[in-house]
Structure formats: structure tokens, C-alpha cells
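Take a look at the structure set out below.
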Amino acid sequence: MKNIMSDINKTESEIINEKEKADNVLIDAAFQRLLDTYLASRHRKKVDIITKAFNFAKQAHKGVRRLSGEPYIMHPIAVAQIACEEIGLGSTSICSALLHDVVEDTDYTVEDISNIFGPKIAQIVDGLTKISGGIFGEQASAQTENFKKLLLTMSDDIRVILIKICDRLHNMRTLESQPPRKQYKIAGETLYIYAPLANRLGLNKIKTELENLSFRFEHPEEYAVIQSKLASTQASRDDVFSEFTRPIREKLDAMGVDYEIKARVKSPYSIWMKMQNKHVTFEEVYDILAVRIIFKPQIRENEINECFNIYVAISKIYRSHPDRLRDWMNHPKANGYQALHVTLMSNRGQWIEVQIRSDRMDEIAEQGFAAHWKYKDGGEYTEDEDELSNWLRTIKEILDDPQPDAMDFLDAVKLNLFASEIFVFTPKGEIKTMPAGCTALDFAFQIHTFIGSHSIGAKVNHKLVPLSHVLNSGDQVEILTSNSQHVQPDWINFVTTAKARSKVQAILRRHNRDKQKEGEEMLKQFLQTINLEPTTYINDKLCKMHDLQKHEDLFLAVGEKKIVLGEDEKNELLENKKQTVGGWRKYVPFIGHDKKSEKISMRDVKKEDNYFVAGEDFDRKKPVIITDLNISQYVFPDCCHPIPGDDILGFIDSKRRIEIHKRNCSIASRLKTTFGNRILDARWDMHRTILFDATIAIKGIDRIGMLKDVVNVISGELNVNMHRITVSCDEGLFKGKIEIRVYDRDEVNEIINNLKKIENLEVTRIM
């Protein structure tokens, strides 16, 4: 018996040893690949300190595994690999990446890192530790503070955010091991923050991958469909590319240009976004294929002229589109991107975009600022940082604004992160880079806060325009001011830049605080006259009565005399009868109803306030299953109108009720970013007993009988109930909306597909 037990124990011990050996082989191979990549780079070869950081991190994380089951040290190695190979960072960044989780997850301190690896690596690790575990906390205020830390550390050393982006990219690549609710949270904040940050720093390749991975986990079916269609049309694109580039290659060879030509295929996420925004099908997305010409200039200082020489040569082969020439060489984008974009008509009758850039421009386009920011021994940048410095200065101005609302703050930053640029001239001819879609008032605040806050109008190209006038690239703008002018509340409706919005909000907030205090006192006095004490319940009731969101909005409205407290408020507050909460989605389903004889809509059924409340013992890891029996227990806000078949998620609101949103709903995106720990996986299990409202948009060329054809398809052929139709016609073109009642998304898609068979009619579903 003892011998048998001994053999069993020996076997278990051997298994453990074999596992450790296998782990070490895996770890050593990954680290060797990192070293090989580093040694092949142009950086100074500091292998010793990288090896030291690896051994230190390996020992610190010993015995710890990720959710995927692999040793935890594989994650820091992977982050360092991305930093080295895909962004082009050097030894300081590689060491920081290897050590980025040590302080957060072990007993080692920043002081320990500083003593062993020096102050610079310790400073970067400290910055990464401050924003570890995702930059968003449980509370919106905490999340805002973490995001401020993130942005402030960027101004100390941009490598902090570069490594954080590498960390996020690897987490996205291994997101499969996370449960769905975590996937939605991480994918949501990736799309909302990290992809725009990567874009702003010129990391186009990483930005694209982050978007695609987020899309894949949030909308797996749509992602799979687009991937399948891209694969099935690959051969056709290859033929087009080969035929289109053949004469271009002959011409460039004759010119003696050292070049390569690549095909750039639009990413699944970009295709999906275009389908959503333009309301087109995959087949109608015309710019899936683009051509990229990358050349090595004969004289580096002459690369812009050589770029234009190539443009002139190929425009003699194919006709160019006059409105689609984009010169990003003489006026680079704020993230450093340079190229010349031209759109040419192929022999097959389709427009194809051609991007012309030098090898240096291509490296910057792929790796961003890191490609041309080279570090000195002391860690200082040697190259021009003006563009990024201007951006960080704008961020700091936003940070100076005391305690902005969490989501307003994020949105303000995001406005600048996503923005495309235009170039605007001052009266003296100075060029100012501004976001596309900006107004004259944005330009005023860009010059100076005093000028912005005292603006009364503007002259654009010597013509008087209002402050809300949208600027175009090449405009010359002069701002007109008056000392008697002050910031107006309606300005917030047409400022678009982060700087202008933050300044307007800060000034209005200072004004509003006084009015809110005045209104709160007036409300208190009014309540005393009807023998009531101020309570949260009373404030909530008055907010609901006047369609206001916050108590502060109520106090402000009273203080500004927009609400005059009187008999209506008195009657509302003294009414003891319980008010039934409205909302067409609160109902009790009719189970067992014969839907063939009479269709039941949620507008027709009994309303009942019986929402499910998630208690302390509620298991957030399990998916919320929405059925015909329990659907009345969930809140369906009016922001996105999900119906069965839509990709959805749940959100635990402030009253611990569960809201149901589409995963691509704009409100849901903000919730995923701010309150990620309250996001739930949600799924449908409906059996076509309830009708949901959906809206489709139609537009096309007007003709006699067009509306009749539309109605015949919906009601005649498909027997679907139309609730409302609105149509308008202008100069031979019509557009309209049709509200229909359907069981699920499949039924909507069937209606849309049948309507598209009508000639000269475009149809899309509205969220």
C-alpha cells in the first residue's frame, strides 16, 4: 500500500515539475523573441537591464496565472513585445512594460523599483500603477480622477500612455477568457478612450486593431458576417488591385522610383461604421479597397516634391476626382500623419483612393510619434513635440476646470481625440489647426479665453457671420469683441472643441451656482407656505413634473424664474394618490394569446410598476435572460429601443433596477466607460407573443404610386401593422419614417429587404 501511495505522490510531483518545465520553456521562448526583436532595432543595445527587469518580474509574479491559464509573466512580456515591435520603443520602455504590474500586484514598492532600476523607469511604472486595472473606477467621480491622472502622466512622460495602450491591446487580444459582461465593459472603454488615444498619437495600426477587437466582442455576429464577405470578395479585389496598379508600376519603373505598392483593405469595424452611418449594405461600401504607394526618396529633403511628381504621373494614367485630393504633407495631421491622398477612376468605372507617402511618412503613420521621437540618455525627447505639446496643453486647461461632471469631462476630451483637422488663418495670416466642424466661437476661445468670452460676432473671409458659423479649411477669421458681452447659455449648443466647451461650462457653472442657491431658498420658502419640508422625494417629484433630470436643474430654473412656483406645484405635492409611472414598455404579457386572431402590442397591455431590483446577493456573473414572462421587470429607456434579436446588455441603475440597452447605443457606450462594474450580459429568449415598436427610414425619387408600393409591401405582402407614416417631398426627392410593430429584428430585416426591391427606394432601420 505504501509503495502504491509513493508511486502516486511521485507521479503528482513529476506532473508538477513537467508543468513548471513547460512553463519555463514557454516563458524563455517569449523573452528570447523579445530580445531578438530589440536587438534588430535601431536602439542602443542595453540587453543587461532588460534581462534584469525580466528576471525580477518573473520572480515577482511566480506562481500566478491569468484567467486563460498561462503564467502571468507572459502578459508583461507580451506588453513589452508590443512596445518594442509595434511602436518601436527602447530599453526604458521595455523594462517599464516588464515591470508595469509589479507594484500593483506584489509587495514591491516604487522605491524598490527606483533603487534597482533607476528613477526614470520607476517614474513610468508609478504612472502605470496609478492608472492600473482600467482607468475607470466604480464611481463616476473616481473614474474622472483616474482619467485625469492618466492625462497628467502623459505630460510627464508620453511613454506611460504608450505602454498603457500596449497593455490594453494585449488584454483585448486575450479577452476571450473573460466573461461576456467583462468583455462588454472592456471593449466599451477601449472604443471610447483607448482607440481614440491611439489615433491621436498616430498609432493607426494599433487603433485599427483595438476597434476591430472591440467590434468582434460586442457584435460577434455582425463581425463574422463582414469577415465572411471580405473573404468571399478577396479574389475580386485582388484582380482589381492587380489590373489597377499594373500601368502605375510601369510608369514608376520608367521614372526610376524606388517604391512598393500595397493594397489597403478597410477594416471590419470601419466597414460596419460606414454601413451604420451611411445606411448602406456591405456591397454599397465603395472604398473597401485603397492603394498605398510607399517610395524611398532620392533626396530626403525633396520627398514632398517627389510625392507630387508621382501624383502628376499617375493622374495622367487615370482621371482624378477634383474634390478628393487631400494634402497631408504640407499640413500634417496633429498626430504627425503625412501623405498625399488622391482618388482615381479605374478602368472598371470605380473610384479608388491612392495614398502616396515616403518610407519615413509610412513609419510615422504606422508607429506614430514614437517613430520620430528618439530619446536621449536622460530620457528627454530630441525631436519637435509642438503638436503633442499643444494637445496636452489643451488637456491641462480642461483639467484646470474645477470638478467637471464625469461624462461631460470625458466627452470634452473625446471631442478633440476623434477630431479631423482643418486649417484656419488669423487676420495676420497665421495658421491655426482646428477640429473639423468647429465654429467661429471655438476659434475665438482657441486664441484666448478673454476673447472667446467677450465675442459678439466674427468676420470670415471679410464677411460678417454669427458665432455659430461653421468654419471650413482655408477660412480667414477675425473675431469681433465687446467688453459688455458675457458668456451666453446657448453657446454650449454650438461650441465643439474641448477647450471652448470646458471654458463656457466653467463660466456658466460659476453663474449657475449663485442662481441655484437663490432657487433652493425660494423653493424652501414656498414649501413652508404649504407646510412641507424640503426632501429628496419632493425634489424628485418636481423634477419629474417639469421634465428635469437633476435637483440642481430644478433649483436653477426656480432661481432664474423659468419656473414660478404656484398652484400647480402645490396640487402636485399635496396629492396623496399614488401616480402610476408611464412608459409603453411596462406591461404584463398575455401568455397563451392567439396571436393569429389578434396581435398584442406593448402599447395596449396593462402597465405595472414591478421592476426587478438587484439586491446585494445578486449574481452579476450570470446573464440576464429576457423572456415573455419577465420582460416587464426590466427598464427599457427610450435612447435605443432594443427589440428581440438586437445585441443587448444590462445596466444596474442608481435605483438598482436593470436597464436594457443595445450594445452600440451611445448611452450604453458611456455607461460601459463610466460604470463598467455595473454592466451585465443580457440575452433574449422571446417567443413572438409581444409586438415591439420599430422605425424605418425611407427615401428616394418621388413618383406616382411610390407610397402605395411601400404600403403594399408592408401591410399587403407581409401583413405588418403600421402605426404612423410621415413623408415629405422636395424637388422630386422624398424622405420619411414609418413606425411599425414587429416581433423581432428578423422581421424588420425581412421588411427592409422586401422594400429594397422597389426601384429607387433606400430603406434603413432607425435606432
Side-chain angles (χ1 to χ4, degrees), residues 199-205 207-208 240-241 244-267 270 286-347 350-369 371-372 383-384 386-387 419-425 431-436 472-474:
N199 180 56
R200 197 61 175 77
L201 296 172
L203 305 170
N204 181 66
K205 193 174 180 181
K207 183 265 299 187
T208 301
V240 171
F241 175 77
F244 180 79
T245 58
R246 189 178 299 112
I248 294 177
R249 293 178 190 276
E250 293 172 358
K251 185 65 176 179
L252 296 181
D253 289 341
M255 294 169 62
V257 178
D258 184 358
Y259 70 94
E260 64 173 323
I261 299 181
K262 298 179 180 178
R264 185 235 65 184
V265 179
K266 209 173 188 65
S267 71
S270 295
Y286 74 90
D287 58 347
I288 289 178
L289 172 69
V291 172
R292 192 169 287 159
I293 301 174
I294 303 165
F295 69 95
K296 186 175 289 185
Q298 296 176 351
I299 303 173
R300 180 63 63 187
E301 293 74 18
N302 201 35
E303 64 181 358
I304 291 180
N305 287 337
E306 290 187 38
C307 201
F308 273 100
N309 289 340
I310 292 173
Y311 160 64
V312 171
I314 64 176
S315 62
K316 290 179 180 178
I317 302 172
Y318 298 111
R319 183 165 58 89
S320 63
H321 195 299
D323 298 328
R324 292 184 187 165
L325 178 65
R326 299 287 182 267
D327 178 8
W328 299 114
M329 292 183 306
N330 292 305
H331 303 291
K333 291 185 179 182
N335 60 15
Y337 180 83
Q338 283 184 288
L340 184 66
H341 291 193
V342 58
T343 303
L344 303 175
M345 175 62 75
S346 72
N347 292 332
Q350 68 182 100
W351 292 108
I352 296 179
E353 183 182 77
V354 179
Q355 302 167 357
I356 309 170
R357 58 202 198 200
S358 69
D359 53 353
R360 180 190 66 85
M361 297 174 187
D362 185 63
E363 187 177 6
I364 292 172
E366 293 302 312
Q367 296 187 333
F369 282 116
H372 59 137
E383 305 234 356
D384 181 35
D386 286 347
E387 290 292 355
S420 300
E421 294 89 1
I422 62 171
F423 305 98
V424 183
F425 295 90
I431 294 180
K432 297 287 184 182
T433 302
M434 298 289 293
N472 295 308
S473 202

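Computed from heavy atoms alone, side chains included, the values below leave out hydrogens, waters and symmetry copies.
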Worksheet item: Taking atom CG of Asp327 and atom OH of Tyr311, what is their separation to the nearest 0.5 Å?
Response: 10.5 Å
Response to the item:
When rounded to the nearest 0.5 Å, the distance separating CG of Leu203 from NZ of Lys207 is 10.5 Å
Fill in: Side-chain donor/acceptor of Thr343 to backbone N/O of Ile352, under 3.5 Å
no
Response to the item:
Residues passing the side chain to side chain donor-acceptor pair (under 3.5 Å) test with Ser358, sequence neighbours excluded, are Glu303
Discussion item. Once rounded to the nearest 0.5 Å, what's the spacing between atom CG of Asn309 and atom CZ of Phe295?
Written reply: 9.0 Å
Worksheet item: Hey, what do you get for CG (Asp362) to CD (Gln338), rounding to the nearest 0.5 Å?
Response: 12.0 Å
Response to the item:
Rounded to the nearest 0.5 angstrom, the CZ-CD1 distance for Arg264 and Ile288 is 9.5 Å
Item to complete: Evaluate the criterion side chain to side chain contact (heavy atoms under 4.5 Å, CB included) for residue pair Met329 and Arg357; output intermediate values, then yes/no.
Response: CA-CA 9 Å; Met329 292 183 306; Arg357 58 202 198 200; over 6 Å; no
Fill in: Heavy-atom donor-acceptor pair, Tyr337 side chain to Asn204 backbone, under 3.5 Å
no
Discussion item. Looking at Asp359 and Arg300, is there a salt bridge between them, counting it only when a charged N and a carboxylate O are closer than 4.0 Å?
Written reply: yes
Item to complete: Answer yes or no: does atom CD of Glu260 have more than 12 heavy-atom neighbours from other residues, nucleotides or ligands under 6.0 Å?
Response: yes
Practice prompt. Spell out, as yes or no, whether a donor-acceptor pair under 3.5 Å connects the side chain of Ser270 to the backbone of Lys266.
Written response: no
